[in-house]
Every structure is written in structure tokens, then in C-alpha cells.
Amino acid sequence: MADTYDFRAVERKWQERWEASGIYATPDDGREKYYVLEMLPYPSGDLHVGHAKNYTLGDVIARMTRMLGYAVLHPMGWDSFGLPAENAAIARGADPNVWTRENIANMQRQVRLMGTSYDWSREITTCDPEYYRWNQWIFLRLYEQGLAYKREAPVNWCPHDQTVLANEQVIDGRCWRCDTPVERRNLSQWFLKITAYADRLLAGLDELEGWPDRTKTMQRNWIGRSEGTQYSFGIENTEERISVFTTRVDTLFGATYLAVAPEHPIVEQIVTKKQAAGVREFAQSLRSKSELERTSLMEKAGVFTGAYAINPLSHERIPIWVTNYVLAEYGTGAIGGVPAHDERDFDFARKNGLPIAQVIAKPGSDITVPLTEPYVEDGRLIASGDFTGMSSARARKAITERLAAMGIGEARINYRFRDWLVSRQRYWGTPIPIVYCSACGEVPVPDDRLPVVLPADVPITGEGSPLARDERFINTNCPKCGGPAKRESDTMDTFFESSWYYLRYIDPRNAEQPWDPRKAAKWAPVDQYIGGTEHTVLHLLYSRFFYKFFHDRGWVSGADEPFTRLFHQGFVLSNGEKMSKSRGNVVGIDQTADTTGVDAMRLFLMYVTPPEDTADWTEEGISGRVRFVNRVWRACEPLTQAARSVDVRSMPEPDTPEEKALLRAVHVAAKSAIDETRSRRFHYNTTIAKLDEYVNALTGMVQTHRESRAVLYAVHALPLIIAPFAPHMAEELWERLGHATSVHLEPYLEPDERALAVEEITLVVQVNGKIRARLQASPGITEDDAFRLALEQSGVRAQLDGKEIRKRIFVPDKLLNLVV
RNA sequence: GGGCAAGUGGCGGAACUGGUAGACGCGCUGGAUUUAGGUUCCAGUGGGGCAACCCAUCAGAGUUCGAGUCUCUGCUUGCCCACCA
């Protein structure tokens with residue numbers, strides 16, 4: 001028996017050699033490009049097998065694509081700004097920079113340990129001044145275009161992290177990082193005008209055929225486009241008007257009250273003396289509540305302001321209420337309450353004894369019976385003045401036109417999502433390159449003074465903004481007038497860095513610009529992006545926004561979407577449970593590399609489930625792949641000398657059915673790997689199953705057919721075929737087969753039609769759809785021949801039993817169905 | 001409450017376009033090798049029946065010569081959104 005396979009020695013040997021020889025450098029020749037990218041990791045510490053699944057998938061795709069003849073770009077870097085580094089500083093006095101660099105060093109080591117094929121010459125680290133200077137540069141370009149602006153607005157404040165959050169970072173009213181209920185505060189903050197791209201962000205989704213539908217749907221819902229009408233109600237005894245937005249202007253005649261958000265500025269002006277105390281108390285009670293309490297408070301409540309509005313078409317006088325269910329941030333912060341045709345308004349009107357006036361009739365019913373529940377569908381208008389009798393759709397148009405003619409309304413599109421709040425009151429991030437001068441006001445830092453460097457040795461306490469307290473940093477001179485000025489003390493949301501990093505990889509050492517547009521024209525966009533579902537809205541939406549902006553500036557060409565195809569990998573459980581430090585069940589990379597080997601780990605992760613599904617890491621499961629690795633070694637290694645003489649690019653003719661079957665198994669496996677790659681299905685679990693069959697066939701023959709050309713060919717082809725999955729063992733066998741160059745730079749094994757062809761098929765014979773016989777036959781057998789053979793089968797004859805055959809269904813090489 | 005996805009052996013899964021359900025692996029059972037354990041190798045492994053056969057892809061209906069796959073209803077699970085006017 002061959003020596004047992006020493007995976008530790010082999011894996012270390014090849015990782016060192018690949019490193020030294022730089023075989024994974026991105027080629028820049030005439031070959032077609034392919035850009036494979038896994039989402040930029042945050043360097044939080046140790047990697048576990050969950051990370052390994054993500055990087056293995058990307059690596060298998062990169063290696064397969066490389067062997068299929070593409071110029072593959074497969075880079076790696078570190079999303080290294082962010083709160084964990086600061087929290088480490090607060091918790092144990094660590095320097096965020098040192099802490100981050102140590103983590104990066106460790107994670108980089110572990111990523112290499114997984115046998116990945118990254119082009120490390122393109123590595124980027126977002127907390128490097130040479131990276132974030134381009135953050136600042138991009139920020140200034142957005143600023144010039146009016147797409148970055150500062151304004152005071154009610155924002156989400158996390159009291160634990162002591163910073164504001166983007167809307168996208170508030171999950172169920174809680175901070176996405178620390179789960180603390182988020183508060184509302186009125187603060188002056190920097191925003192990026194992502195809403196200016198709303199329609200293009202929506203329309204672009206339709207073009208993204210390589211994206212999961214779920215993800216596209218979630219982005220559509222997040223953007224939340226709704227078409228409607230904005231119009232205004234007059235207020236009795238004043239010149240003031242209140243604007244409302246509605247998608248159902250056809251129900252206008254059914255408005256029986258007007259509801260406004262407590263924060264609406266009009267409230268102060270219109271509230272009557274008598275009602276003032278009650279309204280103030282109501283607004284106060286809401287203000288002191290966290291966002292979470294307010295949204296989970298399903299009970300609708302409100303207070304009458306004492307004021308009345310006038311319906312612009314019916315001229316009815318309706319009361320104005322302050323309510324908790326109208327949101328200040330959406331639409332105009334006020335609505336016309338139509339209880340008969342809206343569930344929320346119905347609910348509210350019932351609780352507060354407000355009238356319910358039906359103005360839409362269900363098609364086919366003329367009679368108006370008192371509504372027991374709101375009728376929210378379209379219908380035909382009743383009791384609606386000139387518009388009575390119209391369909392809802394027609395009335396929406398007609399009423400909008402009437403309001404427009406009166407000068408008090410217009411068609412309007414509203415979006416649910418808000419501009420992206422990008423400033424953070426934290427230290428470990430990119431400084432926002434703006435200076436405040438008492439004479440010149442808000443002044444952008446000129447490009448030639450970038451980067452605005454984040455100062456070192458800043459005390460971090462977790463209270464307030466660290467940079468705001470740092471006199472060395474804050475005090476500067478105005479770039480315009482040279483007078484004393486103050487720097488912006490806020491830093492950027494870390495999602496800013498990750499919104500464009502994939503372009504920096506294309507030209508990572510460019511000192512003149514973030515990237516050369518000519519290089520981007522070649523390498524962008526990313527062809528295959530791989531990452532978790534948690535970034536469905538945040539990172540993926542922001543990146544799409546940035547890319548469209550870059551496209552508009554001419555910095556990228558072609559399509560205006562950054563990621564042509566997107567794949568969400570599933571996560572990894574440990575014995576059915578979520579991996580966590582507190583459970584003590586985290587399966588680490590170092591440990592796995594030492595106990596089972598990296599090749600076995602990679603094979604297992606690709607084999608256990610399709611890559612999009614949740615995988616379960618178990619001892620038994622991984623042992624199956626350890627066995628496989630050893631089986632391959634035992635089958636191939638002893639024959640590597642003998643197999644040297646075989647040309648792997650020229651398949652031998654089989655002499656026996658066994659050899660034929662073996663050659664077929666070889667080519668079926670190769671074809672599966674190629675098909676899964678080209679179809680972008682990536683179900684390599686089925687490929688590895690076919691590799692099992694290949695190795696099983698080979699194992700059965702290596703002892704008895706040592707001299708067989710087919711066996712030696714199968715031995716020689718195996719490292720070529722498993723190279724993307726088990727790169728170390730493949731390389732070792734390849735070397736022992738007498739090759740001086742890397743198997744990873746070889747073309748993949750081309751599936752041979754002769755090997756894939758079968759000489760005998762199994763034809764299923766059914767009677768009335770039930771299987772009664774299986775015939776061995778040559779491919780291409782005719783229906784008549786099949787029928788004749790079928791009638792000779794006793795099982796078929798017994799079923800026919802003299803009955804009349806009414807119909808014959810013949811599927812060539814598959815099945816014959818006789819209907820009696 | 002709304003939306004989307006999914007339910008196949010003891011387990012992970014295969015069957016991609018309606019055409020041999022359960023490939024491949026894990027586990028389990030028996031045997032061989034071994035001082036023993038482990039390793040390795042061989043055989044078996046959805047349920048029922050002596051057998052011919054019958055029953056099986058969450059449940060029920062439908063379409064079809066034929067349904068794991070298509071349609072409808074219900075159940076279960078997972079994820080996402082939840083006062084967005």
C-alpha cells in the first residue's frame with residue numbers, strides 16, 4: 001500500500017510554492033476577462049468554516065474559470081474601518097489601528113491557509129490613507145454635484161454606539177450592530193442623495209438577470225416607489241393649506257377627517273387654545289418613546305386639534321386630528337382620512353367616532369349597505385360630484401387633472417427610502433473632507449490636500465465624538481481664505497468604502513486617481529459576486545448607486561450595474577446549531593487545517609449541500625471527504641510513474657466495457673464541473689458525487705488493470721479534474737506525474753463526446769403509465785423495434801392480456817408507454 | 001397581517017427541460033483483514049409481501065398516456081417586510 005497521504009506536508013509545501021511563484025497573478029493578455037469577487041470581509045479576528053465556505057466557493061469558481069481559459073481577476077482585501085476596532089479600544093485600551101492590523105495579519109494568514117488563489121498584489125485595506133483618500137475624493141465629487149449635502153433632520157440615534165445610523169441600519173427599530181432600541185434626534189448630518197437615483201436603481205433591477213429574485217424584490221420594496229397625487233386642503237379661517245399625498249385620489253370625496261403627524265409644523269399654528277394642552281401632551285408622549293415602542297404600538301390613537309380643513313372638491317368641512325399612525329418622514333406628513341376605503345383610517349375612525357362615507361362601490365353592486373369593513377379595492381365612484389360613475393382608475397386621472405387645474409395638486413411619485421445618512425460621530429473611519437470657516441462657511445478640502453489623515457493617539461471613551469475633542473485635528477486653516485477654521489469631526493459610514501472597493505482592485509496602486517477608467521473599461525463590472533443575504537439592501541444598494549454615479553461621470557463604461565451576477569451562499573452550522581463563541585462550537589480554520597486538511601474541508605463544504613443552502617458541519621460528514629482524499633491518493637499515487645507516459649489530452653480507446661465505463665466516469669465528472677460553472681448554478685455537490693463514482697471505478701481497477709492505458713489515463717486526468725476543489729493534492733499528484741508547471745495553469749479536461757456516448761440504454765416499458773419492463777437496447781432504437789421487444793416481455797404480456805392497445809407513446813432512448 | 005421560498009429514506013442530498021424516485025455521501029447491519037480499537041476491503045440498506053407484485057416524494061383534489069416536477073386548496077417550516085397613505 002502507498003504511504004498514507006500526508007496532507008499537512010503537502011498543503012504547506014504548495015502554499016509556500018504558490019506564494020513564491022505568484023502563479024495566481026492576474027494575466028493581462030488577450031484572453032477574455034472574468035472578475036470573481038467575494039464580499040470584502042471585516043477583519044474581526046479568526047476565520048471559521050463558515051467563512052471558508054464563502055471563500056472556497058469563490059475560489060472554485062475562480063480556479064474553474066481560469067482553467068476554462070479566462071483571464072481571471074480574483075482579489076482580496078479588508079473592510080477595516082468600523083466600530084469593533086473602537087469597541088476594542090474602549091474595552092481594553094487597544095489602539096484601533098494596531099488591533100485592526102493584527103487581525104488583518106491573522107486573517108490573511110488563514111485565508112492563504114485555505115488554499116485560495118487570490119492575486120495578493122492587489123490586496124487593499126480600507127483604513128490605509130492611500131485607500132481612504134479616494135473615499136474623500138469621491139465624496140468631494142458627490143459634493144460638487146450636489147449629491148452630498150448637510151442638513152438638519154430627524155435621524156436615528158443609537159444611544160449605545162453613540163452615533164447616528166442610516167435607515168438601512170435600523171432593523172425592527174433597533175441598531176443593526178448592538179440591537180439597542182434606536183432613538184430619534186434632530187441633528188445636522190451629512191447625506192448622500194441616493195433618492196436622486198431612485199428610478200434608475202429600480203429600472204436597473206429589471207436588467208439584472210443574474211441576481212436572485214428575492215434580492216431584487218427586497219430592493220424594490222425598500223425603494224418603495226408609489227405613484228399618486230399630492231394635493232392640498234385649505235384650513236378654515238386661515239390662508240394656510242395642508243398638503244397630503246395619496247395613491248387613491250379617487251376616494252377624495254370620502255375623506256371625513258384630516259390626519260397629521262405630531263411633528264408636522266402646521267400643528268403649532270392651527271391648534272385651538274382649547275385643544276392645545278391635549279395636543280401638546282399627546283405629541284410629548286410620543287416624542288419620549290423610542291422608535292421601537294412607537295412602531296410596535298399598533299393601537300391607533302389621536303387628538304383633535306380643534307381646527308377644520310375644507311375638502312377642495314366637495315367643500316365639506318372636516319376635522320383635523322393629530323395621530324400616531326401618520327409618519328412625519330413619509331409623503332407630506334399628513335393624509336386625508338378615508339375610513340370607508342382604507343383599513344387604517346377605518347380603524348381610527350371607529351375608535352374616535354368619526355363618520356364613514358362610502359364613495360367607491362364594488363363593481364356590480366349599486367346598493368350601498370353600511371360597511372362592516374373597509375372596501376379597499378378599486379370600483380366605481382358614488383357620491384362623488386362630477387366624478388360619480390367613473391371607474392377608480394379613470395377617476396384618479398380626472399381628479400388629479402381637476403386639482404391641477406385648480407392649482408392645488410399634481411401627480412407625484414413618492415419613494416419610501418430616504419437619502420443615505422453617511423456621517424458618523426465616531427473615530428475609526430474616513431474623515432469627511434470639509435472645513436468650516438467663519439468667513440467662507442462650508443469649504444471642501446482641495447484635492448491636492450487629500451488625504452485628510454485620521455490622527456493617531458486619540459482617546460476613545462465611547463462618549464461623544466473623539467475627533468471633535470481633538471484640538472490638533474479640529475483646528476485648521478480655511479482652504480479658501482487661509483483664516484482659522486474647524487474641520488468636520490464626523491467620519492464616514494463604513495459602507496462608503498465598500499461601495500466602490502471592487503473598482504480599486506482593478507488599479508490598486510494608482511496614486512493619481514481612484515482607478516484608471518481605461519482599466520475599468522476592461523475589468524469592470526464584477527462578473528460574479530458572492531456574499532451573504534444580509535447585504536441585500538445596504539451594501540448592494542449603495543454600490544449600485546455609486547456605480548451609476550461613476551457611470552454618469554464617465555469613470556466606468558458599459559452597463560451601469562457593478563455586479564452582473566450575484567450569488568448568496570448559505571451559512572454553516574455546527575452539529576445543527578449556530579456557531580458562536582458562547583456555545584463553544586466554532587470550528588476554526590487553523591484547527592481544521594491541522595486535523596482534517598484543507599482539501600478535505602473544501603471538498604466537504606462544496607459537497608454537503610448546494611452552496612446556497614445552509615450546511616451542517618459534523619465530524620462524520622467531514623470524515624467522508626477525508627476518506628475520499630485518501631482513496632484518491634491510494635489509487636493514483638502508486639501509478640504516477642507509470643502514468644507519466646500517458647498523454648492526458650488524448651483519450652485512449654477502451655478495450656473492455658469496464659474501461660469504457662471508467663473513461664465515461666472521467667468525462668462525466670469533468671463535464672459536470674464545467675456545466676455547473678458555465679450555468680452559474682455552482683451545484684458542485686453533484687460534481688463531487690460524480691468524482692466519487694470516478695474514483696470508485698478507478699479504485700476497483702487499479703489493482704487488477706495496472707497496465708491498462710485507460711486506467712493510467714484516468715490516473716493522469718484525476719488531478720486535472722479535482723484541481724479546483726482539492727488544489728494541493730492535485731498539484732502534488734501532477735508533479736509526481738512528471739509535470740514541471742502548475743496544474744492550476746493547465747486548461748481543464750475537455751469532455752470527449754466519444755467517452756460520454758453510451759452503447760446501451762435502458763428503455764422503460766410502461767403499460768398505462770406503470771413500469772412493466774426494462775429493455776437493454778442500442779441508442780436510437782426505433783419505436784417499432786422497441787414495441788416488438790416489449791411484446792416479448794412476460795411482464796408486459798401479462799398486463800396486455802389480449803386487451804386492445806389504444807395508444808403508444810414513445811420517447812426515444814427513454815420510454816415506451818402502451819395505453820390499453 | 002402581507003410577500004417570497006421550501007417540504008423526497010434514519011441524516012445531508014440527487015433526479016436541471018413532466019418520462020427508471022432515492023445518484024453520491026453519512027449512518028446502520030453482516031462479513032474479511034487486524035492482538036484489539038481504528039483503518040481498509042466486500043455485501044446489504046424506503047415500506048410491505050414466499051412470490052408475481054403492491055405502496056411510497058407534507059395532506060387532499062385536478063391536468064396528463066405518464067406528476068417529486070405543472071394547477072388549485074390546506075398544513076408545516078424558513079426568510080423578508082410589517083401602520084409607507
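What you see is a predicted model, and the numbers here were worked out from it, not measured in a lab.
- Side-chain contact between A:Tyr694 and A:Ile721 is present, with at least one heavy-atom pair separated by less than 4.5 Å.
- A:Arg806 comes within 4.0 angstrom of nothing in the nucleic acid, heavy atoms only.
- Nucleic acid contact class of A:Asp213 (heavy atoms, under 4.0 Å, all strands): none.
- Using P as the reference atom, B:A56 and B:U69 are 14 Å apart when rounded to the nearest Å.
- Using a 4.0 Å cut-off, some side-chain N or O of A:Ser226 falls inside it from OP1 or OP2 of B:A85.
- As rounded to whole Å, 18 Å separates atom P of B:U20 from atom CD of A:Glu760.
- Between A:Gln219 atom CD and B:C80 atom C1' the separation is 13 Å, expressed in whole Å.
- Judged by a 6.0 Å distance limit and a 45° cone about the ring axis, A:Arg631 is not positioned over the six-membered ring of A:Phe628.
- Nearest to the side-chain atoms of A:His683 among the listed nucleotides B:G19, B:C79, B:A14 stands B:A14.
- You'll find that the side chain of A:Thr762 is closest to B:U20, out of B:A23, B:U20, B:C65.
- Annotation: proximity of residues 610-622 of chain A to RNA chain B (heavy atom, distance under 4.0 Å) is found for A:Pro610, A:Glu620, numbered in ascending order.
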Could I get a table of every N or O pair under 3.5 Å where one atom is in the protein and the other is in nucleotides 7-9 of chain B?
none

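- Summarising the geometry, the separation between CD on A:Gln766 and P on B:C65 is reported as 13 Å, rounded to the nearest angstrom.
- Side-chain atoms of A:Arg602 come within 3.5 Å of backbone N or O of A:Phe725 as a donor-acceptor pair.
- The shortest distance between the side-chain N/O atoms of A:Arg631 and the OP1/OP2 oxygens of B:C41 is not below 4.0 Å.
- Here B:A14 presents its P atom at 14 Å from CG of A:Asp692, a figure rounded to the nearest Å.
- In the interface, the side chain of A:Lys300 is paired with the base of B:C83 through a donor and an acceptor atom under 3.5 Å apart.
- The CD1-P distance, from A:Ile809 to B:C65, rounds to 7 Å in whole Å.
- Of the C1' atoms belonging to B:A14 and B:C4, the separation is 25 Å, rounded to the nearest Å.
- The distance between the ring centers of A:Phe348 and A:Tyr257 falls below 6.0 angstrom.
- For the 3.5 Å distance criterion, the side chains of A:Tyr607 and A:Thr687 fail to qualify, holding no donor opposite an acceptor.
- Taking the C1' atom of each, B:C58 and B:C75 are spaced 8 Å apart, rounded to whole Å.
- A salt bridge links A:Asp199 to A:Arg225: at least one charged side-chain nitrogen sits closer than 4.0 Å to a carboxylate oxygen.
- Closest to the A:Ala689 side chain, of the nucleotides B:A23, B:A82, B:G19, is B:A23.
- We find that A:Asp250 and A:Lys397 are not joined by a salt bridge, their nearest charged nitrogen and carboxylate oxygen being 4.0 Å or further apart.
- Between the P atoms of B:G38 and B:A51, the separation comes to 34 Å (whole Å).
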What does the list of N/O pairs under 3.5 Å between the protein and nucleotides 54-56 of chain B look like, with a distance for each?
| unit_1 | atom_1 | unit_2 | atom_2 | d |
| --- | --- | --- | --- | --- |
| B:C54 | OP1 | A:Arg772 | NH1 | 3.2 |
| B:C54 | OP1 | A:Arg772 | NH2 | 3.1 |
| B:C54 | OP2 | A:Arg772 | NH1 | 3.4 |
| B:C55 | OP2 | A:Lys770 | NZ | 3.2 |

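- Position along RNA chain B of the nearest nucleotide to A:Thr609 versus A:Gly769 favours A:Thr609 as the more 5'-ward residue.
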CA sep, side-chain torsions, deciding dist, call: A:Glu329, A:Arg418, salt bridge (Lys or Arg N to Asp or Glu O under 4.0 Å): CA-CA 9 Å; A:Glu329 304 84 40; A:Arg418 313 280 85 200; over 6 Å; no
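- The nearest pair of heavy atoms linking A:Asp419 to A:Ile194 is OD1-N, 3.4 Å.
- Between A:His535 and A:His539, the two ring planes are perpendicular [angle over 60°; tilted spans 30° to 60°].
- When the P atom is compared between B:C81 and B:G47, the two are found 43 Å apart, to the nearest whole Å.
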Salt bridge (Lys or Arg N to Asp or Glu O under 4.0 Å) between A:Arg220 and A:Asp213, worked out: CA-CA 10 Å; A:Arg220 277 191 197 101; A:Asp213 288 337; over 6 Å; no
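- Distances shown here put every side-chain N or O of A:Asn221 at or beyond 4.0 Å from the OP1 or OP2 atom of B:C80.
- Nucleotides B:C24 and B:C41 have their P atoms positioned 15 Å apart, rounded to a whole Å.
- In B:G9 the base sits syn relative to the sugar, since the glycosidic angle is no further than 90° from 0.
- Candidate nucleotides B:C16, B:G19, B:A85 were compared by shortest atom distance to the side chain of A:Leu327, and B:A85 ranks first.
- With both ends at atom C1', the span from B:G18 to B:G66 equals 8 Å, rounded to whole Å.
- With B:C80, B:G19, B:A85 as the candidates, the nucleotide lying closest to the side chain of A:Val811 is B:G19.
- One atom, CZ of A:Phe7, and another, P of B:U39, lie 15 Å apart when rounded to the nearest Å.
- For A:Glu343 against B:G1, a side-chain-to-base donor-acceptor contact under 3.5 Å is absent.
- Checking B:A85, B:U39, B:A14 against the side-chain heavy atoms of A:Arg627 singles out B:U39 as nearest.
- In the model, A:Glu612 has a side-chain atom that pairs as donor or acceptor with a side-chain atom of A:His683 under 3.5 Å.
- With a 4.5 Å cut-off on side-chain heavy atoms, A:Pro212 and A:Leu566 count as touching.
- Checking A:Glu168 against A:Trp420 by side-chain atom types alone, no donor-acceptor pair falls below 3.5 Å.
- The listed nucleotides are B:C4, B:A85, B:C41; the one nearest the side chain of A:Thr699 is B:C41.
- In terms of modelled atom types and a separation under 3.5 Å, the side chain of A:Asn324 and the main chain of A:Ala301 share a donor-acceptor contact.
- Residue A:Arg797 contributes atom CZ, which lies 18 Å from atom P of B:A52 at whole-angstrom precision.
- Residue A:Asp342 is classed as having no contact, given no heavy-atom separation below 4.0 Å to the nucleic acid.
- When the P atom is compared between B:A15 and B:G78, the two are found 25 Å apart, to the nearest whole Å.
- A donor and an acceptor atom sit less than 3.5 Å apart, one in the side chain of A:Asn817 and one in the base of B:C65.
- Note on A:Gly624: only backbone sugar-phosphate atoms sit closer than 4.0 angstrom, heavy atoms only; bases stay farther off.
- The side chain of A:Thr686 approaches B:A15 more closely than any other nucleotide in the set B:C79, B:A15, B:U40.
- Between A:Trp633 and A:Phe7, the ring center distance fails the sub-6.0 Å criterion.
- Checking B:A21, B:G25, B:G27 against the side-chain heavy atoms of A:Tyr607 singles out B:G25 as nearest.
- Place A:Thr217 and A:Ser679 on RNA chain B by their nearest nucleotides, and A:Thr217 ends up nearer the 5' end.
- Distance A:Tyr684 OH to B:G25 P: 21 Å, rounded to the nearest Å.
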